[in-house]
> 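Pasting a structure here, questions to come.
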Amino acid sequence: MSDGSTGEKLTELAKRRGYFFRSSGVYGGVGGFYTFGPQGAALKGNLEEAWRDRFAVAEGHMEIDAPTIMPEPVFEASGHLEGFDDMLIECPECGATVRADHLVEDGTDHEDAESLPIPEVEAVIAEYALSCPECGAGLADVAVEEFNLMFSTRIGPGDSQPGYLRPETAQGIFVEFPRLSEYARNKLPFGVAQIGRAYRNEISPRRSIVRTREFTQAELELFVDPTGDGPDLEPVADVPVRLYPASAQADGGEELRTTIGEAVADGTIADPWVGYFMGVAQEWYEAVGVDPDRFRYRQHLAGERAHYASDCWDAESEVDGNWIELAGFAHRGAYDLSNHAENSGERFTVFRQYDEPKTVERAAVDPDMSELGPRFGADAGAVVEALERLADRDRAAFDGETVTVDVDGERHEIDVETAGFAVEEETVAGEHVTPHVIEPSFGVDRLVYTVLEHAYREDEVDGEPRTYLALEPAVAPTAVGVFPLQRDDALEAEARKVARELRAFGLSVTYDDSGAIGRRYRRQDEVGTPFCVTVDYESLEDRAVTVRERDSTDQVRLPIDELPATLAALRAGDRSFEELYSNN
RNA sequence: GCGCCGGUGGUCUAGUGGUAGGACAUGAGCUUCCCAAGCUCAUAGCCCGGGUUCAAUUCCCGGCCGGCGCACCA
């Protein structure tokens, strides 16, 4: 056994045992892409299913499945075309690559260089004679290159329209908001979940499946009324959490151990919805096998927050000595919906009915077009609009005989009677509001990695070293290993029959009859199979088998008849092995 | 993208200017064996391209991939 880090040993185990490995290896591989092997795909699927159960089904939200390729306008609206774009400049002397916009911001009094077009950034660099922060070489006249983190493609042949692989699953939900809102019968709050792939052309993918170019997200977009009631915090109020607020990070302060209820009450977590999901997630992460001692919530620093987020907390896990982001809990405000409304011209609002209809006075005009038409010709429309705006803004302007409006710098005098000015009473039943978005966004691949890393164990059984994965039975990719005690036609036939019955019961089963029994236990230990069933000679007589638990290696004897239901209950967590063992 | 280091069976690794050895794993068999036992046999490897050379897995250059550091991570 090498004395490498857990990360190295885990990566090696993952390769060998079919959890995950570099993709397209026969052609040399390509950075940032991984294939989940048979065990990995099953584990990932189980985690996704667990997420779906908790965040979609148990919360009463809907789930959709949107395309991974979307047309350019979507990302113009979302801000990814602009904001996902880095301006890089490469030093001709030392070869260092630096962000051109950062260079400008540091070296001049420009504060938002990112919004400047590239030629202008180049001009500013030349003007101020900015130099390379690494070696000091002048960077005037060095080309600034654009690098967008989105993968681009063309949709259709010929002069087709540009498209992009989505950099987050969220946009697929936002874009369909009008229809989804209709489906939810326009009642806030409602949530839409999605589990799917997202793509980012990372400059430098690292650390196996922690940072890849194609990854799976599980996201929930909860649409809430900005003035509406918050969540019922009662179910999560007492959930203990470990918080690392922005203030503590800034001044080297301590992490905070508190509860969701207290953190929301004292304002550490500003938004109750964000707090609610942090509480739900805390318990969920523990249930699927994240070690609570290596888990925390870290608030984003002001400069770290995305353009849309007013407050954001990350769930982080500690793996191999580093904290990595597992999930983000962001309040996105109305940012996404109002941008899509503006860019698409569609309505991204929900009508909120007042408890009592309100009566309001409204000033309006009803111009006599038979007079304005002939008088202003093609400008008549603009004149009417000017009148409407004026009526809305300044009723007093209509107090006299005539009213004056400016259209394209020209003043026009119009009879108030011709304008058709009147103040009317109107009954308003409600108003259109753009919902705010609360977004819990989970990285599935990183969770797979964390769950494996936190489950990795080495111990000794009867003086022999053992490696095993203490995965939660509910998410373990293989539920049961079934063996004949030794090679023997009668034992093998019985064991195969047991395996068949367990599979018919919906359990994923590995059958293994090779080598010695101890070796087969170890093999299953290493992939994290929680239970193994061994058929021996006595089984043929007493219709009972040995069930062995992975972590303790304890064994109990169970009737074959009861096996499927008992193992299913053990897997679901409805029964515990300890209880079986002590009753045996 | 830059710098340093590296790339040999499935995995981990030894080694060499004349195409490679081990360990573990895997498969077949023997051993009536509930925690990696033993024995026999078998399968299986020098990242890719170019250069130097009679000859390259080995030396040189480039690429790809990986680790670490920097940068990046809306």
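Chain letters run A, B, ... following the sequence lines, proteins first, then strands; residues in each count from 1.
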> With RNA chain B as reference, determine whether A:Glu526 or A:Arg200 sits nearer its 5' end, using the nearest nucleotide of each.
A:Glu526
> Report the C-alpha distance between A:Ser23 and A:Thr35 in whole Å, list the side-chain angles of each, state the deciding distance to 0.1 Å, and finish with yes or no for side-chain hydrogen bond (donor to acceptor under 3.5 Å, both in side chains).
CA-CA 5 Å; A:Ser23 196; A:Thr35 294; 3.1 Å; yes
> Please tabulate the protein-to-nucleotide N/O contacts below 3.5 Å involving nucleotides 26-28 of chain B, giving atom names and distances.
unit_1, atom_1, unit_2, atom_2, d
B:U26, OP1, A:Arg523, NE, 2.8
B:U26, OP1, A:Arg523, NH2, 2.1
B:U26, OP2, A:Arg519, NH1, 3.0

> State which residues pass side-chain contact (heavy atoms from CB on, under 4.5 Å) with A:Ala77; sequence neighbours excluded, sorted by chain then number.
A:His340, A:Asn343
> With a 6.0 Å cut-off (strictly less than), is the heavy-atom count around OH of A:Tyr581, excluding the residue itself, greater than 12?
no
> At less than 4.0 Å, is any side-chain N or O atom of A:Lys15 found next to OP1 or OP2 of B:C12? Yes or no.
yes
> Name the residue from A:Thr534, A:Thr546, A:Val533 that meets the side chain to side chain contact (heavy atoms under 4.5 Å, CB included) definition with A:Phe483.
A:Thr534
> Describe the nucleic acid contact of A:Asp525 in one word from base, sugar-phosphate, nothing, applying a heavy-atom distance below 4.0 Å.
nothing
> Provide, to the nearest angstrom, the distance between the CD1 atom belonging to A:Ile209 and the C1' atom belonging to B:G66.
16 Å
> Under 4.0 angstrom, heavy atoms only, what part of the nucleic acid is A:Arg522 near: base, sugar-phosphate, or nothing?
base
> Once you round it to whole Å, what is the distance between C1' of B:C34 and CD of A:Gln555?
5 Å
> Rounded to the Å, how far apart are A:Asn322 CG and B:C68 P?
9 Å
> Look at all strands and tell whether A:Arg22 reaches a base, only sugar-phosphate, or nothing, counting heavy atoms closer than 4.0 Å.
sugar-phosphate
> Answer yes or no: side-chain N or O of A:Asp462 and base N or O of B:C35 forming a donor-acceptor pair under 3.5 Å.
no
> Using the C1' atom as the point on both nucleotides, what is the distance between B:C46 and B:A42, in whole Å?
22 Å
> Taking side-chain hydrogen bond (donor to acceptor under 3.5 Å, both in side chains) as the criterion, tell me which of A:Thr529, A:Thr510, A:Asp512 meets it with A:Arg523.
A:Asp512
> In this structure, is the centre-to-centre distance between the rings of A:Tyr199 and A:Phe215 below 6.0 Å?
no
> So which pairs with a foot in residues 8-33 of chain A pass ring-ring contact (aromatic ring centres under 6.0 Å, His included), sequence neighbours left out?
none
> Distance check needed: B:G67 P versus A:Arg211 CZ, whole Å only.
12 Å
> I need the residues from residues 540-551 of chain A with at least one non-hydrogen atom less than 4.0 Å from RNA chain B; give them sorted by number, or say none.
A:Thr546, A:Arg548
> Using the test side-chain contact (heavy atoms from CB on, under 4.5 Å), find all partners of A:Ala281 that sit at least two apart in sequence or belong to another chain.
A:Phe55, A:Tyr285, A:Tyr297, A:Phe329, A:Phe442
> Quick one: do A:Asp459 and A:Arg466 satisfy salt bridge (Lys or Arg N to Asp or Glu O under 4.0 Å)? Show the steps, please.
CA-CA 5 Å; A:Asp459 69 355; A:Arg466 169 174 87 131; 2.9 Å; yes
> Provide the distance between the two C1' atoms, one in B:C47 and one in B:C64, to the nearest whole Å.
8 Å
> Provide, to the nearest angstrom, the distance between the CE atom belonging to A:Met150 and the C1' atom belonging to B:C72.
17 Å
> Taking atom P in both B:G3 and B:C61, compute the distance separating them and give it to the nearest angstrom.
13 Å
> Looking for any heavy atom pair under 4.0 Å, which part of the strands does A:Pro465 touch: base, sugar-phosphate only, or nothing?
base
> Is there a donor and acceptor pair, one atom on the side chain of A:Tyr521 and one on the base of B:C34, closer than 3.5 Å?
yes
> Using the criterion of both pairing distances under 3.5 Å for Watson-Crick and G-U wobble pairs, give all stems of 3 or more consecutive pairs involving RNA chain B.
B:1-7 with B:64-70, B:10-13 with B:21-24, B:26-30 with B:38-42, B:47-51 with B:59-63
> Go through it in stages, so that I can follow the logic: the residues are A:Glu562 and A:Arg557, the test is salt bridge (Lys or Arg N to Asp or Glu O under 4.0 Å), and I'd like the CA-CA distance, side-chain angles, deciding distance and then a yes or no.
CA-CA 11 Å; A:Glu562 295 172 17; A:Arg557 192 89 180 154; over 6 Å; no
> Mind calculating the distance between CG (A:Asp536) and P (B:U32) to the nearest angstrom?
16 Å
> How far does the P atom of B:C12 sit from the matching atom of B:A55, given to the nearest Å?
34 Å
> Please give, in whole Å, the distance from B:U32 P to A:Asp513 CG?
17 Å
> Given the ring of A:Trp323, does A:Arg296 sit roughly above its face, with NZ or CZ under 6.0 Å from the centre of the six-membered ring and within 45° of the axis?
yes
> Can you tell me, in whole Å, how much space there is between the P of B:U53 and that of B:C24?
44 Å
> Tell me which of A:Arg16 and A:Gly31 sits closer to the 5' end of RNA chain B, going by the nucleotide each one is nearest to.
A:Arg16
> Which value, in whole Å, describes the distance between the C1' atoms of nucleotides B:C4 and B:A14?
25 Å
> How about A:Asp489: does its CG atom have over 12 heavy atoms from other parts shown lying under 6.0 Å from it?
no
> Starting at atom OH of A:Tyr27, determine the distance to atom P of B:G49, rounded to an integer number of angstrom.
13 Å
> May I ask you to check whether A:Phe177 and A:Phe223 place their ring centres under 6.0 Å from each other?
yes
> May I have the step-by-step check of side-chain hydrogen bond (donor to acceptor under 3.5 Å, both in side chains) for A:Thr467 and A:Glu526, ending in yes or no?
CA-CA 6 Å; A:Thr467 299; A:Glu526 214 180 22; 4.9 Å; no
> Taking the minimum atom-to-atom distance to the side chain of A:Tyr537, which one of B:C35, B:U32, B:C34 wins?
B:U32
> Check this for me: does the side-chain of A:Glu464 come within 3.5 Å of the base of B:C35 through a donor and an acceptor?
no
> Between B:C60 and B:C70, how far is it from one C1' atom to the other, in whole Å?
28 Å
> Could you measure between the two P atoms, the one in B:G29 and the one in B:G17, and give it in whole Å?
43 Å
